[in-house]
Amino acid sequence: MRHVVTRCTDVFPVLLASASPRRRQLLEQVGFVVTSAPADVDERPLAEETAVDLVARLARSKANASMASLRRAPVASPAVGVAADTVVWADDVGILGKPASERDAVDMLRSLAGRSHAVSTGFCVFDAARAEVVADEVVTTEVTFHAVSYADIEAYVATGEPMDKAGAYAIQGLGAVLVRGIVGSYTNVVGLPVDAVVGVMRGHGLLRGYPWSEV
């Protein structure tokens, strides 16, 4: 595959329908200027809803909430918006969201130790100016943990890092030592599959002049 790198001085603004500092950082590190506008939606799963269906629904719900907010109070916002939701899950333990307590975090990590689990992120790219969804997608990465001890799990939880993370760990932080390997997108585990998001934007003609003209 040929890679063509072009010189670019354009600014690529994005409206992020999320308060996540990790998603913001991921977008900023690949050249976007990000405006955060968190969307307030009920993130509880529906009865019998799978993890993949959940993140797909929540990403679109966040996009819809963001677009509705813009219709009520138009602002000089970026033309392209991104909404996303991420969950950790395994067939036998179900969906793992953010831990409610340190004990909850310990229990989550014990359920993942020495085995593989999935991280799924649903994302929705929308036209903020027209209030239209452009495309949505779900990306799943397989993550395998070392067989970490109970003492090590408790020590990790005591750092406080797991408390606002789905699945109670941060692969980009201290939690990296828990991970034996991954299959799929690393940035997806952090919170946003940047390669897929940029691919959707480019495929719909939203990134004319973006630094990489062909990837």
Side-chain angles (χ1 to χ4, degrees), residues 16-30 34 36-46 49-55 57-59 61-62 82-123 138-195 197:
L16 177 63
S18 170
S20 168
R22 293 168 291 280
R23 293 190 182 115
R24 181 183 187 119
Q25 184 179 32
L26 287 170
L27 289 168
E28 288 177 338
Q29 75 184 24
V30 294
V34 180
S36 292
D40 185 18
V41 301
D42 186 347
E43 298 187 2
R44 290 174 295 182
L46 302 177
E49 190 171 37
T50 68
V52 170
D53 289 342
L54 171 65
V55 294
R57 176 176 63 82
L58 291 181
S61 294
K62 290 178 181 180
V82 177
D85 193 79
T86 302
V87 295
V88 173
W89 62 278
D91 287 335
D92 60 335
V93 297
I95 297 170
L96 301 179
K98 297 175 183 178
S101 64
E102 288 192 354
R103 176 50 49 192
D104 192 25
V106 168
D107 290 342
M108 285 186 184
L109 293 170
R110 290 186 72 187
S111 74
L112 301 177
R115 53 169 294 177
S116 297
H117 62 272
V119 179
S120 293
T121 298
F123 71 87
V138 176
V139 174
T140 298
T141 301
E142 180 183 283
V143 181
T144 303
F145 269 17
H146 291 289
V148 289
S149 69
Y150 182 78
D152 284 343
I153 288 173
E154 285 199 315
Y156 175 54
V157 171
T159 69
E161 182 179 84
M163 299 314 298
D164 65 340
K165 312 295 190 303
Y169 73 96
I171 195 172
Q172 75 278 17
L174 296 171
V177 300
L178 305 174
V179 179
R180 191 174 74 195
I182 71 170
V183 178
S185 168
Y186 169 83
T187 63
N188 182 49
V189 185
V190 179
L192 190 70
V194 175
D195 55 330
V197 172

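Just the heavy atoms: all of them, side chains too, but no hydrogens, waters or symmetry mates, feed the values below.
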About how many Å separate [atom2] of [Y] and [atom1] of [X], when rounded to the nearest 0.5 Å?
{"X": "L26", "Y": "S20", "atom1": "CG", "atom2": "OG", "answer": "7.5 Å"}
{"X": "I153", "Y": "L109", "atom1": "CD1", "atom2": "CG", "answer": "5.5 Å"}
{"X": "T50", "Y": "I95", "atom1": "OG1", "atom2": "CD1", "answer": "7.0 Å"}

Can you list everything that forms a side chain to side chain contact (heavy atoms under 4.5 Å, CB included) with A90? Sequence neighbours excluded, please.
D92, V93, R115, H117

For E43, enumerate each residue passing the side chain to side chain contact (heavy atoms under 4.5 Å, CB included) test, keeping only those at least two apart in sequence or located in another chain.
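For E43, the residues satisfying side chain to side chain contact (heavy atoms under 4.5 Å, CB included) (neighbours in sequence not counted) are V41, L58, K62, D85.
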
Kindly say whether [Y] contributes a backbone atom to a donor-acceptor pair with the side chain of [X] at under 3.5 angstrom?
{"X": "T144", "Y": "R180", "value": "no"}
{"X": "T187", "Y": "V190", "value": "no"}
{"X": "S185", "Y": "P193", "value": "no"}
{"X": "D53", "Y": "E49", "value": "no"}

Side chain to side chain, L96 and W89, heavy atoms closer than 4.5 Å:
no

So R22 and D164, do their side chains get closer than 4.5 Å, heavy atoms only?
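When only atoms from C-beta onward are counted, R22 and D164 do touch, with a gap below 4.5 Å.
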
Within 6.0 angstrom of D40 CG, more than 12 heavy atoms from elsewhere
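Not buried by this count: 12 neighbours or fewer within 6.0 Å.
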
Proximity of Y156 and Y169 rings by center, below 6.0 Å:
no

What verdict does the side-chain contact (heavy atoms from CB on, under 4.5 Å) test give for E102 and M163, after you've listed the backbone C-alpha separation in whole Å, the side-chain angles of each residue and the deciding distance to 0.1 Å?
CA-CA 7 Å; E102 288 192 354; M163 299 314 298; 4.2 Å; yes

Between the side chains of T86 and R23, does any donor sit under 3.5 Å from an acceptor?
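Indeed, the side chains of T86 and R23 share at least one donor-acceptor pair under 3.5 Å.
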
Is it true that R110 and E154 have a side-chain N and a carboxylate O under 4.0 angstrom from each other?
no

Hey, are E28 and R24 close enough for a salt bridge, meaning a charged N less than 4.0 Å from a carboxylate O?
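R24 and E28: salt-bridged.
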
